[in-house]
Every structure is written in structure tokens, then in C-alpha cells.
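For reference, the structure discussed in these notes is given below.
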Amino acid sequence: MDLSAPFHGTRTSMDLATTVDRCRAYEPRLTGAQFFSHQTAALLWGVPLPGPAPEHLHVSAIAPGPEPRTRGIIGHRLEMSPDLLTLRHGLPVGNPAETWAQLAPSLGEDHLVAAGDALLTAGLADHADLVEAAERPRRRGVKALAAAVPFLRAGAESPRESAVRLVIVRAGLPEPELNWVLRDAAGRFVARLDMAYPAYRVAVEYDGRQHADLTQFRRDADRWPAIAGQGWILIRVLDHHLREPYARVVDPTRRALISRGWPGSVAPS
């Protein structure tokens with residue numbers, strides 16, 4: 001049987017195609033004070049991260065234990081309570097909220113919001129957990145965490161949905177309800193809307209499926225007249241629209257809301 005040596009002092013026959021596989025290959029080298037952390041732990045929790053998956057694993061040691069220093073590993077030493085550790089896929093990691101807070105030094109505010117939204121939507125943490133983690137003493141990246149916390153919401157199902165919501169809210173438009181279920185007068189299900197203003201019958205959806213197969217595209221397209229048939233205005237946001245967020249997202253949403261009686265009229269900042 002052919003063995004590989006992905007890390008110094010380890011041998012494995014596993015196909016190291018996933019983060020879980022790579023962590024399991026390294027796990028025998030962990031000491032009692034060490035655990036998978038930062039981006040590596042985020043991927044184990046299923047948190048979306050910008051860019052490709054990191055080539056190196058992040059491994060932390062609880063101080064005063066020494067951080068690992070070896071090929072393929074980014075080591076950290078953190079002052080934190082062992083009570084914040086748990087298991088994910090049988091591997092030692094920080095709990096979801098702690099893992100989210102560890103991302104602050106490397107992620108910008110918007111990506112932190114998307115990561116926090118993902119944890120809230122999956123039910124892996126609640127808002128109070130994330131606030132507590134953000135405010136823990138000796139935390140790095142406290143300014144980014146403090147800026148992200150007010151915008152965290154359960155319901156967003158992709159980082160792009162979080163990004164669209166941030167664009168809308170920061171422009172001074174009212175905050176939409178997330179994953180709002182639209183039903184007809186008889187109570188029958190019509191659609192589940194990414195972002196909705198029920199009082200104005202306006203919905204905003206991020207459509208990241210423009211490259212989906214034809215069957216999926218037809219299924220999605222069938223929803224649009226059904227939504228319009230209930231008297232709703234649907235603003236569809238595609239990926240390239242976020243390059244011109246005010247012209248392609250904010251302005252159409254503002255016009256739709258005003259046409260339905262929204263009293264505000266806030267100029268872009």
C-alpha cells in the first residue's frame with residue numbers, strides 16, 4: 001500500500017481531497033492543548049469563506065502551550081478557555097462562535113457578516129453566542145467584529161445574499177425580512193423569497209443560478225410570473241450587478257418601494 005507524508009512525522013494512505021481528510025491525517029500530531037482553528041475550523045463547520053480553500057491547516061494551542069511549527073501548518077497560540085473547545089467530525093475545534101471570532105483578523109467586515117449569517121442560519125450559534133465571542137477579552141480583530149455584529153441575521157443562505165442585504169441596508173433602505181414565504185389568498189405556497197417587504201409587496205432575490213442546467217433554470221423562471229401574479233415586484237440581482245450596487249440593486253429597490261408607498265427617499269452615501 002502506497003503511503004504519503006502530508007505532514008512531517010505522519011504517514012497515511014488516505015486521499016486528502018477534503019479539509020476533513022487533511023485534518024484527520026494531521027490529528028495524530030496534536031497535543032492535548034492543540035486544536036484546529038481559524039479558517040480550517042470554519043471549513044469544518046461548513047462556514048463559507050472567500051477564495052479557494054487554504055493550502056495550509058490552521059492549528060492553535062491554548063496558552064501557555066506551544067503553537068505547532070511544521071510544514072503545511074499555520075500555528076497560533078491563543079489565550080482561551082478549554083471550555084470553548086468541542087468536536088466536529090470527531091476533530092477538536094473551537095465552538096462555532098469562537099471559530100467565527102477567530103476569523104476577524106483575516107476577514108473584512110462583509111465576509112465576517114456572511115460567515116456569521118451562515119452559522120445563524122444553520123442553527124450552529126445564536127446571536128448572543130456571537131456577541132459574547134466578539135467581546136471576549138484579548139480578542140484580536142475586535143473592531144471588525146464590533147462592526148459586523150449589528151448586521152448579523154439568520155436566514156441568508158449564501159454569502160452573496162448577505163452581500164445584497166448589506167448593500168440595501170447601508171443605503172438607508174428598510175431592512176427586508178429573510179426567507180419570507182409567499183402564499184396566495186387560499187394559503188397555497190407560491191414561493192420562498194430571499195428578501196421581502198410584505199407591507200409593500202416588493203421582493204429582492206439574488207440569483208446565482210444563471211449557469212444552472214436548463215431544467216433548474218426553467219423551474220426558477222416559472223416562479224417569476226407566479227410571484228408577479230400575487231401583485232409583487234421582484235428585483236432579481238445577478239452576480240455582476242454587485243459591481244454597480246447602487247445602480248443595479250439599490251436604485252431599483254428604492255423605486256419599487258416608493259411606487260408602493262414607502263415614504264423614504266434616501267440618497268446613496
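Residues satisfying the side-chain contact (heavy atoms from CB on, under 4.5 Å) criterion with A63, sequence neighbours excluded, are R77, E79. Every side-chain contact (heavy atoms from CB on, under 4.5 Å) that P54 has, sequence neighbours left out, goes to Q39, L43. Under the rule for a side-chain hydrogen bond (donor to acceptor under 3.5 Å, both in side chains), the partners of Q102 that lie at least two apart in sequence or sit in another chain are E98. By the side-chain contact (heavy atoms from CB on, under 4.5 Å) test, T31 is found to be paired with A33, Q34, residues two or more places apart in sequence or in another chain being considered. Under the side-chain hydrogen bond (donor to acceptor under 3.5 Å, both in side chains) criterion, T40 pairs with no residue, sequence neighbours left out. Every residue meeting the side-chain hydrogen bond (donor to acceptor under 3.5 Å, both in side chains) condition with R192, not counting sequence neighbours, appears here in chain and number order: E157, N179. Evaluation of the side-chain hydrogen bond (donor to acceptor under 3.5 Å, both in side chains) rule for T121 yields no partner, not counting sequence neighbours. Residues passing the side-chain contact (heavy atoms from CB on, under 4.5 Å) test with D126, sequence neighbours excluded: A128, D129.
I62 belongs to a hydrophobic cluster whose other members, connected by ILVMFWY side-chain contacts under 4.5 Å either directly or through intermediates, are F35, L78, M80, L84, L85. Think of V181 as one node in a network of Ile, Leu, Val, Met, Phe, Trp and Tyr side chains linked at under 4.5 Å; its network also takes in F189.
Annotation: salt bridge (Lys or Arg N to Asp or Glu O under 4.0 Å) contacts involving residues 36-53, sequence neighbours excluded, are absent.
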Pairs of donor and acceptor atoms involving the side chains of residues 112-120, under 3.5 Å and at least two apart or interchain, shall be tabulated with distances.
unit_1 : atom_1 : unit_2 : atom_2 : d
D117   : OD1    : R153   : N      : 2.8
D117   : OD1    : R165   : NH2    : 3.3
D117   : OD2    : S162   : OG     : 2.6
D117   : OD2    : R165   : NH2    : 2.5

